[in-house]
*Asks:* 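First the structure, then my questions, so here it is.
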Amino acid sequence: MIIMKNDEVMNIAKKRGFLWSSFEIYAGVAGFFDYGPLGAVLKNKIMNKWRNYYVVREGFYEIESPTIMPEEALKASGHVDHFSDPMTECKDCLEVFRADHVIKETIGSDVEGLDNDELSTILSDEQICCPRCGGHLTHVWSYNLMFQTLIGAKGKKTGYMRPETAQGIFIPFKRLLRFYRNKLPFGVVQLGKAYRNEISPRQGVIRLREFTQAEVEIFVDPRDKTHPRFQDVALDTLTLYSAENQSHETGLIKLSAGEAVKEGVISSEMLTYQLCLAGRFLKDLGVPEEVIRFRQHLPSEMAHYAIDCWDVEVETDRYGWIEIIGIADRTDFDLKSHSQHSKEDLRVFIEYPEPKTIKKMVAKPQMSKFGPLFKGDAPKILKALQDVDASQIAESFEENEMYEIGVGGEFYKLIPDLVDFQEVEETVRGEKIFPHVIEPSYGIDRIIYSVLLHCYQEDGDRTLLHLPADIAPVEVNVFPLVNKGPLPEIAIKIKDQMRADGFMAEYDSSGTIGRRYARSDEIGVPFAVTVDHRTMEDNTITIRNRDDSNQVRIPVEDVYQVIDDLIKLKIKFEDLETNQGS
RNA sequence: GCGGCUGUAGUCUAGUCUGGUUAGGACUUGGGCCUUCCAAGCCUACGACCCGGGUUCAAAUCCCGGCAGCCGCACCA
């Protein structure tokens with residue numbers, strides 16, 4: 001039995017307060033995890049680093065919307081109908097199947113969109129039996145992956161826990177568009193909990209029923225998916241596993257971002273830019289490049305509305321390659337659908353660079369004849385007439401001497417006498433379109449797992465977490481070399497000053513100094529300040545670097561600034577060593 | 001949701017088959033001694049039979065149910 005890094009890491013995570021399964025004293029519930037004292041800090045630091053990437057540097061403002069959503073909204077998004085699976089169970093062997101899959105496999109017809117009763121009817125009419133044992137299948141029921149709840153005291157309104165944060169961004173689109181002063185492209189982010197009632201969550205923190213997402217929705221002009229700062233990422237190397245590589249089993253390819261766009265492997269600059277950003281983010285979290293790949297969705301697995309979709313995957317010893325970020329071009333599906341369901345116009349007016357003057361024929365009703373003829377119906381006919389292309393009417397006049405127009409179920413005959421045609425010049429300044437959406441969607445819990453897993457290292461007896469200094473939960477430890485004389489007191493004072501300066505600092509005097517360093521390394525504290533005999537002589541302390549155990553000696557009064565620079569990655573520990581040497 | 005295996009301190013484990021004294025050990029952790037730089041040593045303390053029911057004079061041990069974990073199947077818009 002190979003000892004998996006996964007097991008070691010999860011062991012430390014539990015023992016030292018990063019992660020553990022929830023409700024343990026009540027035997028736990030599958031699919032729920034607590035973040036412990038260190039885990040919660042780590043998570044916040046990672047989320048804040050993420051904000052620094054997207055909110056600060058990309059300028060995509062963050063919003064926060066409710067985690068409970070009304071049924072209508074999720075009906076529009078497709079989750080009510082499509083996030084549930086029609087299930088059927090074999091009465092004999094108790095195996096559970098997806099009803100639509102069984103039907104498709106047995107009689108070959110596509111039954112997408114049929115409701116449960118219709119599916120049940122097909123099952124019995126076609127005498128479809130259990131694919132495994134040939135037994136009888138039950139009626140079809142829905143297993144919806146969303147947690148359902150009731151809103152209000154009378155509980156009349158059905159609500160669901162949101163299955164993704166994205167919808168919370170699409171719904172207030174009009175307000176967001178206005179906030180961004182009606183101009184594309186713009187991006188909006190949301191970090192928060194999402195909920196999926198997985199049938200059988202089993203892979204620890206990889207598949208949770210309640211999890212944290214960080215999602216970005218970037219609204220772009222569908223005709224222009226170039227990125228203004230593409231040059232900034234064009235030379236980034238991406239390890240790609242394209243749909244073609246997968247179907248031909250040709251392995252991974254390494255391309256620069258620029259090449260990937262040029263060769264059409266990735267569909268747009270916008271999408272590619274996001275892939276690069278995701279890659280950089282992971283590397284900044286200490287996930288090495290060798291374990292990151294970008295896998296394109298196969299046409300068969302891609303949601304029908306997406307035109308290109310890439311998963312960022314990280315390799316793990318326990319679970320293989322796992323998806324931790326999904327980056328999709330969702331086109332205009334969501335906005336269009338919400339537009340239809342809500343009857344709100346969620347389009348954006350895009351101005352042409354130059355106003356276009358177009359000549360067109362318009363039909364001008366002869367009101368003096370029109371009015372008397374149609375009387376009360378005239379206004380609505382006029383209104384309907386506005387939506388009809390004048391050339392169509394002209395054509396119909398030529399062929400049939402009349403044009404029939406339908407208004408609300410009634411038909412009216414127009415004869416050439418009633419309508420004049422005029423050629424007019426019209427200035428068109430732009431047009432209304434549904435923006436396309438580029439969506440990077442991060443699974444924060446999976447990222448935290450990946451970070452812990454790949455920052456974990458064994459070095460002889462020593463185990464350490466190579467967390468980047470700016471995400472390490474405890475930033476600095478302060479130790480007295482021995483518990484004698486004034487050393488503890490000085491160390492405590494330094495620790496207190498560190499805390500006053502805003503550092504996550506801890507003091508530890510228990511056991512030998514070696515044991516304290518070991519404890520410190522195990523949770524990835526990047527630096528340790530040690531107070532020793534020389535501190536009393538010349539007021540200096542040592543700073544120990546977690547990653548190589550090296551130490552440099554500096555004056556006590558400098559320690560706060562130096563630690564600050566180290567934690568914020570402004571200087572490297574090696575620079576201190578060099579300075580000291582000179 | 002189905003089937004198989006498993007469940008003893010924070011961790012690893014002895015004991016379970018064959019029911020019987022105060023559930024034993026190691027590591028970890030807390031306190032103390034020692035110790036002037038990387039899990040040393042000594043003393044000391046805390047800490048467990050997954051939950052519920054049954055059988056029995058007696059259950060960690062046998063039986064049933066539940067829960068959780070692992071493996072396989074299914075599921076994963």
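Convention: sequence-line order gives letters A, B, ...; per-chain numbering from 1.
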*Asks:* Apply the side-chain contact (heavy atoms from CB on, under 4.5 Å) test between A:Leu346 and each candidate in A:His338, A:Lys336, A:Gln340; give the one that qualifies.
*Replies:* A:His338
*Asks:* Has the side chain of A:Arg544 got a donor or acceptor that lies under 3.5 Å from a partner of the other kind on the base of B:C37?
*Replies:* no
*Asks:* Taking a pair as Watson-Crick or G-U wobble with both distances under 3.5 Å, which nucleotide is matched to B:A45?
*Replies:* B:U29
*Asks:* Expressed in angstrom and rounded to an integer, what is the separation of A:Asn545 atom CG from B:C38 atom P?
*Replies:* 17 Å
*Asks:* Looking only at side-chain N and O atoms, does A:Arg515 come under 4.0 Å of OP1 or OP2 in B:U28?
*Replies:* yes
*Asks:* For nucleotides 30-33 of chain B, give me every protein contact, N/O to N/O, under 3.5 Å, one pair per line with atom names.
*Replies:*
unit_1, atom_1, unit_2, atom_2, d
B:G30, OP2, A:Ser510, OG, 3.4

*Asks:* For B:G24, give its Watson-Crick or G-U wobble partner with both distances under 3.5 Å, or none.
*Replies:* B:U13
*Asks:* Given the C1' atoms of B:G7 and B:G66, what is the spacing between them in whole Å?
*Replies:* 14 Å
*Asks:* At 4.0 Å (heavy atoms only), tell me whether A:Tyr305 reaches a base, stays on the sugar-phosphate, or touches nothing.
*Replies:* base
*Asks:* For B:G4 versus B:A26, give the span between their C1' atoms, rounded off to a whole number of Å.
*Replies:* 32 Å
*Asks:* Could you check which nucleotide pairs with B:G65 in any of the strands shown, counting Watson-Crick or G-U wobble with both distances under 3.5 Å?
*Replies:* B:C51
*Asks:* Could you check whether A:Arg534 gets within reach of a base, just the sugar-phosphate, or nothing at all, counting any heavy atom under 4.0 Å?
*Replies:* nothing
*Asks:* Report yes if a side-chain nitrogen or oxygen of A:Ser549 is closer than 4.0 Å to either non-bridging phosphate oxygen (OP1 or OP2) of B:C38; otherwise report no.
*Replies:* no
*Asks:* Rounded off to whole Å, could you give me the CD-to-P distance for the A:Gln551 and B:C38 pair?
*Replies:* 9 Å
*Asks:* Report the distance from atom CD of A:Glu24 to atom P of B:A9, rounded to the nearest whole Å.
*Replies:* 12 Å
*Asks:* Using the six-membered ring of A:Tyr517, assess whether NZ or CZ of A:Arg544 lies under 6.0 Å from its centre and within 45 degrees of the ring axis.
*Replies:* yes
*Asks:* When the C1' atoms of B:C50 and B:G69 are considered, how many whole Å apart are they?
*Replies:* 11 Å
*Asks:* By nearest heavy atom, map A:Arg196 and A:Asp521 onto RNA chain B; which one lands nearer the 5' end?
*Replies:* A:Asp521
*Asks:* Could you state the interatomic distance from OG (A:Ser65) to CD (A:Gln167), rounded to the nearest 0.5 Å?
*Replies:* 9.5 Å
*Asks:* Roughly, in whole Å, what's the span from CD in A:Glu522 to C1' in B:C27?
*Replies:* 12 Å
*Asks:* What is the separation between atom CG on A:Asp7 and atom C1' on B:G69, rounded to the nearest whole Å?
*Replies:* 12 Å
*Asks:* Could you work out which one of B:G10, B:C37, B:U36 sits closest to the side chain of A:Lys15?
*Replies:* B:G10
*Asks:* Would you kindly compare A:Ala30 and A:Pro163 by the position of their nearest RNA chain B nucleotide and give the one closer to the 5′ end?
*Replies:* A:Ala30
*Asks:* On the side chain of A:Thr512, is there an atom forming a donor-acceptor pair with the base of B:C37 - under 3.5 Å, no angle test?
*Replies:* no
*Asks:* Counting the atoms with a prime plus P, OP1 and OP2 as sugar-phosphate, which does A:Asn483 contact under 4.0 Å by heavy atoms, base, sugar-phosphate, or nothing?
*Replies:* base
*Asks:* A:Lys14 NZ to B:C12 C1': how many Å, rounded?
*Replies:* 13 Å
*Asks:* For atom C1', what is the distance between B:C62 and B:U16, given to the nearest Å?
*Replies:* 10 Å
*Asks:* What is the separation between atom CH2 on A:Trp20 and atom P on B:G69, rounded to the nearest whole Å?
*Replies:* 17 Å
*Asks:* Looking only at N and O atoms, is any donor in the side chain of A:Tyr26 or the base of B:C51 less than 3.5 Å from an acceptor on the other one?
*Replies:* no
*Asks:* Between B:G10, B:C73, B:A39, which one does the side chain of A:Arg202 approach most closely?
*Replies:* B:C73
*Asks:* Which part of the nucleic acid does A:Ser22 contact within heavy-atom distance under 4.0 Å: base, sugar-phosphate only, or nothing?
*Replies:* nothing
*Asks:* Tell me the closest heavy-atom pair linking A:Val188 and A:Ile169, and the distance in Å.
*Replies:* O-CD1, 3.6 Å
*Asks:* Considering only atom P, compute the distance from B:G53 to B:C49 and round it to an integer number of Å.
*Replies:* 15 Å
*Asks:* Taking B:C64 as the reference, what is the distance to B:G10 when you measure between their C1' atoms (whole Å, please)?
*Replies:* 32 Å
*Asks:* Under a 3.5 Å cut-off for both contacts, is B:A59 paired Watson-Crick or G-U wobble with anything, and if yes, with which nucleotide?
*Replies:* none
*Asks:* Return no unless some side-chain N or O of A:Arg318 is found under 4.0 Å from OP1 or OP2 of B:C71.
*Replies:* yes
*Asks:* Out of B:C37, B:C75, B:U35, which has the shortest distance to the side chain of A:Arg207?
*Replies:* B:C75
*Asks:* Distance under 6.0 Å and angle within 45° of the ring axis: does A:Arg516 meet both against A:Phe479?
*Replies:* yes
*Asks:* Taking B:G32 as the reference, what is the distance to B:U13 when you measure between their C1' atoms (whole Å, please)?
*Replies:* 29 Å
*Asks:* Quick one: which of A:Phe147, A:Phe33, A:Phe32 gives a side-chain contact (heavy atoms from CB on, under 4.5 Å) with A:Glu210?
*Replies:* A:Phe32
*Asks:* Looking at A:Asn144 and A:Met146, what are the two nearest heavy atoms and their distance?
*Replies:* OD1-N, 2.7 Å
*Asks:* Please give, in whole Å, the distance from B:C38 C1' to A:Leu464 CG?
*Replies:* 12 Å
*Asks:* Is a side-chain N or O of A:Arg546 found less than 3.5 angstrom from the main chain of A:Leu465, in a donor-acceptor match?
*Replies:* yes
*Asks:* Would you mind checking if A:Arg209 and A:Glu198 are paired as a salt bridge, meaning a charged N to carboxylate O distance below 4.0 Å?
*Replies:* no
*Asks:* In Watson-Crick or G-U wobble terms, both distances under 3.5 Å, what is the partner of B:C73?
*Replies:* B:G1
*Asks:* Distance between the P atoms of B:A9 and B:A60, in whole angstroms?
*Replies:* 15 Å
*Asks:* Kindly say if A:Lys484 contacts the phosphate of B:U35, meaning a side-chain N or O under 4.0 Å from OP1 or OP2.
*Replies:* yes
*Asks:* Tell me whether the guanidinium CZ or amine NZ of A:Arg293 lies under 6.0 angstrom from the six-membered ring centre of A:Trp321 and within 45° of its axis.
*Replies:* yes
*Asks:* Which nucleotide in the set B:A40, B:C71, B:U36 lies at the smallest distance from any side-chain heavy atom of A:Leu481?
*Replies:* B:U36
*Asks:* If I take atom CG from residue A:Leu282 and atom CD1 from residue A:Ile324, how far apart are they, to the nearest 0.5 angstrom?
*Replies:* 4.5 Å
